[in-house]
Amino acid sequence: MNYKVMIGLEMHCEISKTKTKVFSSAKNSFSETPNCNVRPVDMAFPGTLPVVNKEAVKMALMASMILGCSQPEYLYFERKNYYYPDLPKGFQITQETKPAPVGSYGKLIYECKGEKKVVRINNLHLEEDAASSDHYTSCSRINYNRAGVPLLELVTEPDFRSADEAVAFLEEMRSIYQYAGISEADSKKGQVRCDVNVSIMDKDLDDSNPDNWGTKVEIKNVNSFSGVRDAINYEIQRQIDLKEDGKYDEMPQQTRRWDEESASTIFMRGKVDAIDYKYFVEPNIPKFKISKEWLEEIRKSIPMLAHERKDMYMKEYGISEYDASILVKEKPVADFFEETLKLGANPKSASNWITTNLLGNLNKMEITIEECKLTPSHLAELIKMVEDGEISSQQAKGVFTGSLESGKSPKDIASEKGLKQITDTGEIERIVNEVLDENPDIIEQYKNGKVAMVNYLVGQVMKKTHGTANPSLARDVMAKEIEKR
Ligand code: ADP
Ligand code: MG
């Protein structure tokens with residue numbers, strides 16, 4: 001490609017983990033009857049005043065620390081004035097960059113296709129979400145449950161050079177919000193929305209000099225990561241086409257929107273039509289000093305993030321890097337794994353069961369680990385049964401599926417199925433000799449030096465017993481009996 005691509009993101013993520021909204025005592029909840037989580041202040045009734053939710057501020061400051069941003073000395077808010085039916089006050093309480101939002105100038109290291117990348121964070125600010133509206137053919141409906149839900153807006157510098165990098169960053173942020181207990185960051189619940197800024201420049205120009213940057217095009221309100229990827233790729237191509245046609249220099253700075261249906265970006269407004277929001281400091285929220293002690297307390301309470309848990313799994317439990325990354329990809333999976341260990345399970349066995357059996361099955365069943373009937377205590381019990389030789393590992397697979405489908409404990413399933421491992425030496429000797437009688441040619445190969453044929457014979461014993469023979473006992477007995485031939 002003859003061009004360099006510059007991409008900057010504005011990522012909005014609802015803080016979903018507070019009990020109440022950012023300025024009112026209404027419940028912060030996603031799935032409820034429309035318009036039931038609403039307090040007078042959310043509807044801007046005269047005489048009502050906002051009260052800042054300390055928990056939301058704490059989570060915002062925690063995110064600011066994780067992003068390596070600096071935190072302000074005083075908390076402040078501003079009014080962003082505009083009218084829209086989903087905004088009953090006629091303004092949104094937010095933070096612009098003056099005096100200072102919850103986070104300024106940080107950076108984050110993230111991984112894209114196995115390579116470490118750095119993105120500079122311009123700022124992180126705390127604001128309130130607007131209500132949500134649903135549009136029907138003859139009417140629109142507004143649900144004020146979302147009005148006043150705490151929202152974090154993160155603004156990056158234009159440091160991404162491809163759609164893949166931008167999406168890898170968003171995935172990293174989602175993981176951070178989940179692991180830090182700030183948000184589920186679930187796009188399907190509308191909790192994450194992005195504005196994407198894209199420009200291109202000739203590939204030989206120095207991209208550290210803003211004078212060389214191309215004209216920024218902003219794409220508003222893209223609400224899925226795949227949408228972000230598609231919108232960026234579409235926009236890059238659109239801008240390249242303009243360059244090649246010699247029309248790029250005439251292109252005005254503009255705001256577009258991503259249209260899922262036509263898979264294209266559509267012009268909304270140019271820079272001259274930019275809205276003047278007439279920001280001023282929110283007079284109904286007094287100046288609030290953020291103490292050093294409180295910041296220290298918050299810093300100490302930052303939970304272990306995905307990469308830290310991954311390192312621990314590798315160092316302390318000897319789990320491979322590949323498996324450890326699978327375990328930490330989604331926090332509920334890592335939590336399930338750790339819960340299983342707390343119940344005494346061997347880490348490697350637990351990791352194997354989860355990565356090779358559980359996740360694949362969940363995928364097939366199209367459910368999440370939180371919806372699945374098999375619990376960490378079931379898995380710990382199953383692992384113990386195999387270790388104690390109560391059932392074979394072959395049998396354990398069936399028991400696992402049974403528990404997964406029914407939610408019954410592995411012990412119950414094993415006894416229902418009448419499963420037991422054959423650990424009786426006499427019984428195994430009998431089967432071993434049966435196998436030897438049936439395979440004189442293999443015995444001969446063995447005697448001629450092909451000692452590995454023992455594996456085949458042990459395999460036959462396992463087959464005959466439908467996997468119920470204790471494998472190491474079967475191997476010992478086979479080694480002895482074949483010598484007698
Ligand atoms: P505005 O004042 O229009 O909001 P900002 O300078 O604050 O613009 O930037 C908003 C977003 O646009 C940031 O994420 C920033 O990284 C990104 N951005 C700025 N200039 C460019 C550019 N030339 N190309 C791509 N993204 C850009
Ligand atoms: Mg904003």
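Counting from 1, the numbers follow the sequence of the chain as shown. Counting starts at 1 for both ligands and their atoms, in listed order. Quick note: numbers below take in every heavy atom, side chains included, and nothing from hydrogens, waters or symmetry partners. All figures in this text were calculated on a predicted structure; none of them were measured in a lab.
- The nearest protein atom to atom 22 (C) of ligand 1, hydrogens excluded, is given as S199 OG, 3.4 Å; this is a heavy-atom distance.
- Under 4.0 Å from ligand 1, the heavy atoms of L9 that appear belong solely to its backbone.
- Of all protein heavy atoms, the one lying nearest to atom 10 (C) of ligand 1 is K216 NZ, 3.7 Å.
- Not one N or O on the side chain of N28 forms a donor-acceptor pair closer than 3.5 Å with the backbone of K19.
- Of all protein heavy atoms, the one closest to atom 25 (C) of ligand 1 is M6 O, 3.4 Å.
- Inside a 4.0 Å radius of atom 18 (N) of ligand 1 there is at least one protein heavy atom.
- Within the listing of ligand 1, atoms 23 (N) sit less than 4.0 angstrom from a heavy atom of G214.
- In this structure, NZ in K220 is found 4.0 Å from CG in D195, a value given to the nearest 0.5 Å.
- By the 3.5 Å distance cut-off applied to N or O atoms, P158 is counted among the residues near ligand 1.
- Checking N197, V155, T156 against atom 26 (N) of ligand 1, the nearest heavy atom belongs to N197.
- Once rounded to the nearest 0.5 Å, the distance linking CG of N53 with NZ of K58 reads 11.5 Å.
- Only the side chain of E10 comes within 4.0 Å of ligand 1, judged by heavy-atom distances.
- When side chains are defined from C-beta on, K117 does not count as touching R161, because their heavy atoms never get closer than 4.5 Å.
- Taking a 6.0 Å sphere around CZ of R39, one finds it holds 12 or fewer heavy atoms contributed by other residues, nucleotides or ligands.
- Between the side chains of S29 and E32, a donor-acceptor pair is found at a separation under 3.5 Å.
- You'll find the side chain of H125 stays beyond 4.5 Å of the side chain of L154, heavy atoms only.
- Of all the atoms in ligand 1, the ones that sit under 4.0 Å from a non-hydrogen atom of G8 are 14 (O), 16 (O), 26 (N).
- Around atom CZ of F225, more than 12 heavy atoms belonging to other residues, nucleotides or ligands sit under 6.0 Å away.
- When distances from atom 8 (O) of ligand 1 to the protein are checked, a heavy atom turns up under 4.0 Å.
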